[in-house]
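In what follows, chains are A, B, ... by sequence order, proteins preceding strands, each numbered from 1.
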Amino acid sequence: NAGVMQNPRHLVRRRGQEARLRCSPMKGHSHVYWYRQLPEEGLKFMVYLQKENIIDESGMPKERFSAEFPKEGPSILRIQQVVRGDSAAYFCASSGQGRTNTEAFFGQGTRLTVV
Amino acid sequence: GQSLEQPSEVTAVEGAIVQINCTYQTSGFYGLSWYQQHDGGAPTFLSYNALDGLEETGRFSSFLSRSDSYGYLLLQELQMKDSASYFCAVRQSYNTDKLIFGTGTRLQVFP
């Protein structure tokens with residue numbers, strides 16, 4: 001029973017390029033949460049998605065960032081025209097449909113470095 | 001605004017007991033969780049309190065006082081492998097697993 005899978009684990013992009021981060025939730029889970037963690041800081045909520053729906057994007061920057069969770073395939077967090085300040089670890093967590101968890105299951109994260 | 005405050009760093013020796021405090025101020029509150037994160041790793045769940053009182057899970061215990069907007073994580077019989085960052089996190093409502101994380105406490109355990 002695989003856990004939450006994120007790829008790539010490490011991603012290097014030049015300023016102005018696009019970054020695509022992928023998250024496959026745990027088997028049977030249909031809710032995905034994306035978080036960003038800057039060095040030496042806590043995780044900051046970005047967006048909450050269910051299959052084909054964005055439920056809460058209150059933590060997403062208004063520009064350059066977008067997220068999707070299609071009916072088939074992983075959830076994608078896309079960052080367009082990356083800047084140095086986007087360098088961070090991006091984690092996703094998943095939970096089950098119609099069930100409230102007390103535990104969030106996190107992936108190993110994607111560490112984005114913008115050069 | 002929303003904030004969860006924790007001490008930035010705590011040090012202790014192997015075998016000791018350490019308490020990490022968390023005070024929170026959020027627009028909604030449904031429960032308080034604790035997560036452990038080793039350098040370069042993913043946050044892993046430790047415990048959860050929805051009601052006032054103490055929850056014990058092996059060497060780790062967590063306490064919540066909703067009236068004081070305060071909780072703590074207690075780690076007993078410290079081991080070197082407990083050296084990590086510890087985060088408290090608030091879940092704001094029953095119908096979402098969205099978490100608001102604290103600033104994190106870095107625990108260093110010395111031999």
Chemist: So, taking the atom named OH in A:Tyr35 and the one named CG in B:Leu99, what distance separates them when rounded to the nearest 0.5 Å?
Modeler: 4.0 Å

Chemist: Taking side chain as everything from C-beta outward and backbone as N, CA, C, O, which of these in A:Gln37 sits under 4.5 Å from a heavy atom of chain B? Side chain, backbone, both or neither.
Modeler: side chain

Chemist: With the 4.5 Å side-chain cut-off for hydrophobic clustering, are B:Ile100 and B:Tyr48 part of the same group?
Modeler: no

Chemist: With hydrophobic residues grouped by side-chain heavy-atom distances under 4.5 Å, do B:Leu74 and B:Leu64 end up in a single group?
Modeler: no

Chemist: Linking I/L/V/M/F/W/Y whenever their side-chain heavy atoms sit closer than 4.5 Å, directly or via other members, would A:Val4 and A:Tyr90 fall into one cluster?
Modeler: no

Chemist: Pair up each side-chain donor or acceptor in residues 105-113 of chain A with any protein partner under 3.5 Å, not counting sequence neighbours, and list the distances.
Modeler:
unit_1   : atom_1 : unit_2   : atom_2 : d
A:Thr110 : OG1    : A:Pro8   : O      : 2.5
A:Arg111 : NH1    : A:Gln108 : O      : 3.0
A:Arg111 : NH2    : B:Gly40  : O      : 3.0

Chemist: Other residues, nucleotides and ligands only: do more than 12 of their heavy atoms fall within 6.0 Å of CZ on B:Arg59?
Modeler: yes

Chemist: Using a heavy-atom cutoff of under 4.5 Å, enumerate the residues of residues 101-111 of chain B that contact chain A, numbered in order, or state 'none'.
Modeler: B:Phe101, B:Gly102, B:Thr103

Chemist: With a 4.5 Å heavy-atom cut-off (strictly below), which parts of residues 40-60 of chain A touch chain B? List them by number.
Modeler: A:Glu41, A:Gly42, A:Leu43, A:Phe45, A:Tyr48, A:Asp56, A:Ser58

Chemist: Would you list the pairs meeting salt bridge (Lys or Arg N to Asp or Glu O under 4.0 Å) in which at least one residue belongs to residues 18-30 of chain B, sequence neighbours left out?
Modeler: none

Chemist: Examine A:Phe65 and A:Val114 and state if one hydrophobic cluster contains both, with Ile, Leu, Val, Met, Phe, Trp and Tyr joined whenever side-chain heavy atoms are less than 4.5 Å apart.
Modeler: yes

Chemist: Using the rule that Ile, Leu, Val, Met, Phe, Trp and Tyr join whenever any side-chain heavy atoms are under 4.5 Å apart, tell me whether B:Phe29 and B:Tyr70 fall into a single cluster.
Modeler: no

Chemist: Given heavy-atom pairs under 4.5 angstrom as the criterion, report whether the side chain, backbone, both or neither of B:Gln6 touches chain A.
Modeler: neither

Chemist: Crowded around B:Glu77 CD? As in, over 12 foreign heavy atoms under 6.0 Å?
Modeler: no

Chemist: For the residue pair A:Phe91 and B:Gln37, what are the closest heavy atoms and their distance?
Modeler: CZ-NE2, 3.5 Å

Chemist: Heavy-atom count around A:Gln81 CD within 6.0 Å, excluding the residue itself: above 12?
Modeler: no

